[in-house]
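As the structure lists them, so they are numbered: ligands from 1, and atoms in each ligand from 1. The figures here come from the full heavy-atom set of this structure, side chains too, leaving out hydrogens, waters and symmetry mates. As the structure is a prediction and not an experimental result, all values here were calculated from the model.
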Amino acid sequence: MNLSPHSSAPPRFDLLQEEFAACPYPVYQNLREEHSVHYDELTHLWLVSRYEDVRRVLLDPESFRNDNTLDAVTRLRMPSLRALARADFALPPALFNNSEESHTGLRALSLRLLSSARVRSALPDIERIVSEELDCLEAELARAGQADISRTLARSVPIRVLLHVLGIDGAPGVDTLYDWTAASIELFWGRPDPAKQPALADEAADFYRWLTDTVQRDDVPEGSVLAALRRHRLPDGTPLATEQAASVLYTMLVAGHATTGQFVCSAFLRALQDEGTWQQLADEPGLIPAWSEEVLRRDAPLTAWRRVASRPVTLGGVDLPEGAELLLLLTSTGSDPEVFTEPEKLCPARDNVRGHLTFGIGLHRCPGAELARAEVQTVLRQAVRRLPDLRWAGPPRPPYLTSLAFRAPSQVTVAREGRGS
Ligand code: HEM
């Protein structure tokens, strides 16, 4: 990485390198200060780094469409394309890749399924799932001396809760769903090694086959996402085609558990690495909602998201042509000192603690925000109470997931005081 905070030369960095993912803050600072709308030669995307510019883009869906959000970042090779084609893999406009009229009704469907009332009524089950998964974590800590949160709590809780809230029964196990999603994330938002691409494409294809089978099931539980998809009518009065229903379900599953698991990972990392924080949260659990909001601001799980200009437009003083593809650096906006003073500090008491853009804003704002918050707050509340002696047992700088869109430590090793290495 080569950057000089006050030079006018654009910084050199690679968004898809682990080194960048682990600590993107100096690059973001440089971009915000000197190149706030910057063309990235490696990805051919215009990087938008300031809070106000990102907010403006998100609030103007006419000028900035979301047609490109699910395009593969890395060109897929023929064997991968063939594997996807064999499964008839297609993700027609559904939710966050939909700038068409059909978005309105599908968004209403997602808001109903993830409403505050549904989240509230799911709270006892969220408590139960978290408690069961903490039993497993405790058992693993006792057996092995240490455990990796990214492979335990952060993986199982979001998947189990999401399937419960969406009313999907008979799904394959947690590990299969996790692997399918992880493969999709690497294939479409990463830079997979060409040799690895076909295996990832096979996993993504299996995921898609399961999605299309699931939306066509005969036995659809009342109140479930499947029943809602079956009843849904498009603006022209027609029902959803199989691939449209599969696309909605794909969006809800990928958006709904990967991000929340990444939130859990970043929260544990900060709580255990920042001196005294775990203890403070154990002593004052009332701090957890605002503190975890600060984790969201500083370490956004969905670190960046795309848009495409539908007309020539000037943004941050830069003229962009029609068709310009933008990458909105959500994590950078959470560290913009114009909006958040001393952004590097997690301050639960800051006035605008919910003012971050981590869940987006406007027409596509995340409908799952309350569910994600409820899950992570429940995990933290139970964990600090049951494991007050938990400590960080990984390297000071853990490895990070490398992806254009998703960001979190990929290993979160913990142990109990006096035990583990
Ligand atoms: C910490 C966890 C989460 C983060 C950081 C997050 C972030 C986001 C962001 C930034 C967007 C807006 C994308 C845009 O403007 O194009 C979004 C949209 C969306 N999220 Fe989340 N999300 C999280 C959890 C969830 C959960 C638990 C669900 C549950 C299914 C979910 C479902 C969705 C859906 C369906 C959309 C598309 C909405 C639309 O286009 O109208 N998300 N999310």
Distance-only donor-acceptor check, side chains Thr303 and Thr331, under 3.5 Å: yes

Return yes if a side-chain donor-acceptor contact under 3.5 Å exists between Asp319 and Thr314, otherwise no. yes

Would you mind telling me if ligand 1 is within reach of the side chain of Leu106, the backbone, both or neither, using heavy atoms under 4.0 Å? neither

Begin from the C-alpha positions of Arg32 and Ser332 and carry the test side chain to side chain donor-acceptor pair (under 3.5 Å) through to its verdict. CA-CA 8 Å; Arg32 281 192 310 268; Ser332 172; 3.1 Å; yes

Where's the contact between Ser110 and ligand 1, heavy-atom distance under 4.0 Å: side chain, backbone, both or neither? neither

For ligand 1, does Glu375 get within less than 4.0 Å through its side chain, its backbone, both, or neither, judged by non-hydrogen atoms? neither

Nearest protein heavy atom to atom 23 (C) of ligand 1, by residue and atom, and its distance? Thr259 OG1, 3.4 Å

Show the nearest heavy-atom pair for residues Trp189 and Ala405, with the distance to one decimal. CD1-CB, 3.6 Å

Strictly under 6.0 Å, is that where the ring centroids of Phe268 and Trp278 end up? yes

I need the nearest protein heavy-atom contact for atom 20 (N) of ligand 1: residue, atom name and distance, please. Cys366 SG, 3.2 Å

Please state which part of Phe359 comes within less than 4.0 Å of ligand 1, counting heavy atoms only: side chain, backbone, both or neither. both

If you measure every N/O of Gly368 against every N/O of ligand 1, is any gap under 3.5 Å? no

Any nitrogen or oxygen of Arg107, side chain or backbone, less than 3.5 Å from one on ligand 1? yes

Could you say whether the N/O atoms of His364 and ligand 1 ever approach to under 3.5 Å? yes

Given that the side chain starts at C-beta and the backbone is N, CA, C, O, which of these parts of Leu166 lies under 4.0 Å from ligand 1, counting heavy atoms, or is it both or neither? neither

